[in-house]
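Presented below is the structure to which this report refers.
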2 protein chains.
Amino acid sequence: MTVSNVMNGKPGASEETRRRVLEVAGRLGYRPNVSARNLKGGRSGLIGLIALDLTSQYGLEILRGVADELADAEQELLVNASYHDAAREKDRVEFLGRGLVDGVLMIAPVLEDETVKLLRRQNLPCVIIDPRRLEVPLPRLSVDNYHGMRQGTQHLIDLGHTRIAYIRGEEDLESTSVRFQGFEDAMRLAGLKVDPRMVASCDFSYASGFRTATQLISEHRPTAIVAGADLMALGAVDAARASGLDVPSEFSVVGFDDLPQAAQSFPGLTTVRQPLHDMGQKAARALLSLIEGQKLLMEHMEVGTQLVIRNSTAPPRRGAEG
Amino acid sequence: MTVSNVMNGKPGASEETRRRVLEVAGRLGYRPNVSARNLKGGRSGLIGLIALDLTSQYGLEILRGVADELADAEQELLVNASYHDAAREKDRVEFLGRGLVDGVLMIAPVLEDETVKLLRRQNLPCVIIDPRRLEVPLPRLSVDNYHGMRQGTQHLIDLGHTRIAYIRGEEDLESTSVRFQGFEDAMRLAGLKVDPRMVASCDFSYASGFRTATQLISEHRPTAIVAGADLMALGAVDAARASGLDVPSEFSVVGFDDLPQAAQSFPGLTTVRQPLHDMGQKAARALLSLIEGQKLLMEHMEVGTQLVIRNSTAPPRRGAEG
DNA sequence: CTGTTAGCGCATTCAA
DNA sequence: TTGAATGCGCTAACAG
């Protein structure tokens, strides 16, 4: 009817009628039904976001970026968590793909081959943020982990540290190896060698960072630690303190991510900043293009990092190094 | 058709047919369209959650509870943020009410009268978690702020503190006054009087807690601070440290909430635990009943708190008190 | 047990 | 400029 046109702000309705329609609609509290509109239009106005969980600040910063970008796009966000479980992740994709959403954003997904196939079969636009495997055959956005970590390590080297320990993140992410490569190369190019006993693996948590750092400190007496993620770095700061070392005067720590906690901790954490909010925006923008039916200029987008120097790093104490 | 019955696992279809249908469906990758089903059924299978923002752990812990409860209910969660803005909050309610969701959960909403009316008019089931005004005429779930804070304060009194400062939260929440009342009564009943200069207002952030505590400490030399929220308490811990006081040997801090950070901070924060996860579950369960058309047993549900003693509190140093 | 009919609320198309 | 018809994909109710 004409009502439809009026409600959607289309032309083709006299002022008089338009006014009358709006008046009645207001009086009755009429609102267009979303399901019906979607059924007709073949779109739901919803974007699915599959995050690892709903608690890590890492994912939430990205989420904020996505939400900000979507705010102007008349698309709402349906948030799901996979809880690091490949089966659940696939289930979520399957569910969202039943026409519930127009496209999907995934943060650091496991992305088994089966799941990739499912996405293709359902013809569901999808952008991967921070993929675990860089060559996954889907549009994706990743961070320049290599140069980021190289720069973070270089900062410690410039301060005069030589006994630098490294805490790796989870091993099933390629980024863990790429970051470590950046660390190794920075060390090597500075003429320092990496003692394999001063390198430890760890999940991304504060607790495991604390544990691992405590052990590294007591066994090998580094003067600084580089961690592959902020939470582990914050754990390392507290581990140093618990071991009786002041940060930064007696022990330095560099993180990676620049989560909100990094700025709020005491002392502020020196870290390599991933532009998480930007990443969310960029990925959302790409997904919107895909939904509009456009092709992406690049299947693989990459964003840069930035060293943020705060107060968890300082030159080593005299005599402590070497 | 029979297909529909088969797909929905209803009886009334021979094994033979059922098998054939499923086979073909599988081969074609057929999935029932959600919009169409919703249009027909008048339900969307979606629950809207309107949080203040997507970054505070407070809201996220509740969200997790909600998500856990909904996992078994075949309802998905549509997450929205109001960014503390009454207009945006109302807009979100209006939007979700267009048939997009079957019900709404709101966390600490502003909830202007207009918004309440809108909810009623749209006949949208709704449960408020942690309402700003306790008597808002909607089903709601709140925390026993009074006894919680009384208990937290009593803990410091029991340790021997007498010069106890208090940091209030935002003033537009009734809980801020209720918690303060608990503090005041605990003090009064212990024969201690509350020095108004040792009471300060503050927003709920770490930064404002840090600032406020720094000032309280330098001007009035309390031996302990009670904060109306964990983030402010964590700010107070760091403020004490920055003022040269060791926590807890020289200065004690009690928080309120028991966010994940409280356990992770160094030293662990003594705090009054709100069962945030439970609250999310409970509210979600109540909302599901409402959606099923059942009446709630109580319009106003209340949950209790629990004192969690960690390492940010200890007896005052000799001679420091009084 | 299976197939047919109708209608959920909207927007597109075409006719008046 | 307006109104009537049609169909999106599904399911409830019924007829075969």
Side-chain angles (χ1 to χ4, degrees), chain A residues 1-46 48 73-76 78 94-103 121-125 291-293, chain B residues 1-46 48 73-76 78 94-103 121-125 291-293:
Chain A
M1 339 189 182
T2 308
V3 171
S4 176
N5 283 331
V6 174
M7 294 309 290
N8 292 356
K10 298 237 177 105
S14 69
E15 257 324 302
E16 157 69 11
T17 323
R18 164 170 267 103
R19 204 188 44 66
R20 241 183 49 226
V21 168
L22 289 174
E23 191 270 325
V24 174
R27 191 151 45 73
L28 265 47
Y30 168 85
R31 302 288 147 198
N33 175 300
V34 180
S35 290
R37 176 176 289 177
N38 297 342
L39 177 54
K40 189 68 183 142
R43 281 180 51 168
S44 68
L46 259 37
E74 303 207 6
Q75 294 268 355
E76 291 294 314
L78 193 60
E94 201 277 310
F95 177 78
L96 295 177
R98 295 183 186 183
L100 224 205
V101 299
D102 302 330
R121 183 142 45 84
Q122 292 182 136
N123 206 10
L124 192 59
I291 291 174
E292 300 299 335
Chain B
M1 337 190 186
T2 310
V3 172
S4 176
N5 284 332
V6 173
M7 295 307 292
N8 293 357
K10 297 236 177 105
S14 69
E15 257 325 300
E16 158 69 12
T17 323
R18 164 171 267 103
R19 205 188 43 66
R20 242 182 49 224
V21 168
L22 290 175
E23 192 270 325
V24 174
R27 192 150 43 76
L28 266 46
Y30 168 86
R31 301 289 148 197
N33 175 300
V34 180
S35 291
R37 174 176 290 177
N38 298 342
L39 177 56
K40 187 68 181 147
R43 280 179 53 168
S44 68
L46 259 36
E74 303 207 5
Q75 295 268 356
E76 292 293 316
L78 192 59
E94 200 276 313
F95 177 79
L96 295 177
R98 295 183 188 182
L100 224 204
V101 299
D102 301 329
R121 183 140 44 85
Q122 293 182 137
N123 206 11
L124 191 60
I291 292 173
E292 300 300 333

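Quick note on labels: first sequence line is chain A, next is B, and so on, each numbered from 1.
For C:dC1, neither phosphate oxygen OP1 nor OP2 lies less than 4.0 angstrom from any side-chain nitrogen or oxygen of B:Thr2.
The OG1 atom of B:Thr2 lies 9.5 Å from the CZ atom of B:Arg20; values are rounded to the nearest 0.5 Å. Note that the CD atom of A:Glu76 and the CZ atom of B:Phe95 stand 4.0 Å from one another [nearest 0.5 Å].
Put simply, CZ on A:Arg43 is 16 Å from C1' on D:dC8, counting in whole angstrom units. One can place CG of A:Asn38 at 16 Å from P of D:dC8, the figure rounded to the nearest angstrom.
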Can you name the atoms? Protein N/O to nucleotides 6-10 of chain C N/O, anything below 3.5 Å, with the distance.
| unit_1 | atom_1 | unit_2 | atom_2 | d |
| --- | --- | --- | --- | --- |
| C:dG7 | N2 | B:Lys40 | NZ | 3.2 |
| C:dC10 | OP1 | A:Tyr30 | OH | 2.7 |
| C:dC10 | OP1 | A:Asn33 | N | 2.7 |
| C:dC10 | OP2 | A:Tyr30 | OH | 3.2 |

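Every salt bridge (Lys or Arg N to Asp or Glu O under 4.0 Å) that A:Glu16 has, sequence neighbours left out, goes to A:Arg19. By the side chain to side chain contact (heavy atoms under 4.5 Å, CB included) test, A:Leu96 is found to be paired with A:Ile50, A:Leu78, A:Asn80, A:Leu100, A:Val101, A:Val104, residues two or more places apart in sequence or in another chain being considered. The salt bridge (Lys or Arg N to Asp or Glu O under 4.0 Å) check on B:Arg121 picks up nothing, with sequence neighbours excluded.
The stretch residues 17-28 of chain A touches DNA chain D through A:Thr17, each having a heavy atom under 4.0 angstrom from the strand.
Not one N or O on the side chain of A:Asn33 forms a donor-acceptor pair closer than 3.5 Å with the backbone of B:Gly99. Under a 3.5 Å cut-off, the side chain of B:Asp102 and the backbone N or O of B:Ser44 do form a donor-acceptor pair.
Using a 4.5 Å heavy-atom cutoff, the side chains of A:Asn38 and B:Asn38 are not in contact. Here the side chains of B:Gln75 and B:Arg43 are in contact, with some heavy-atom distance below 4.5 Å.
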Dot-bracket, 5' to 3', for DNA chain C please: Watson-Crick or G-U pairs under 3.5 Å, [ ] where pairs cross earlier ones, | where the partner sits on another strand, dots elsewhere.
|.||||||||||||||

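Taking a 6.0 Å sphere around CD of B:Glu74, one finds it holds 12 or fewer heavy atoms contributed by other residues, nucleotides or ligands.
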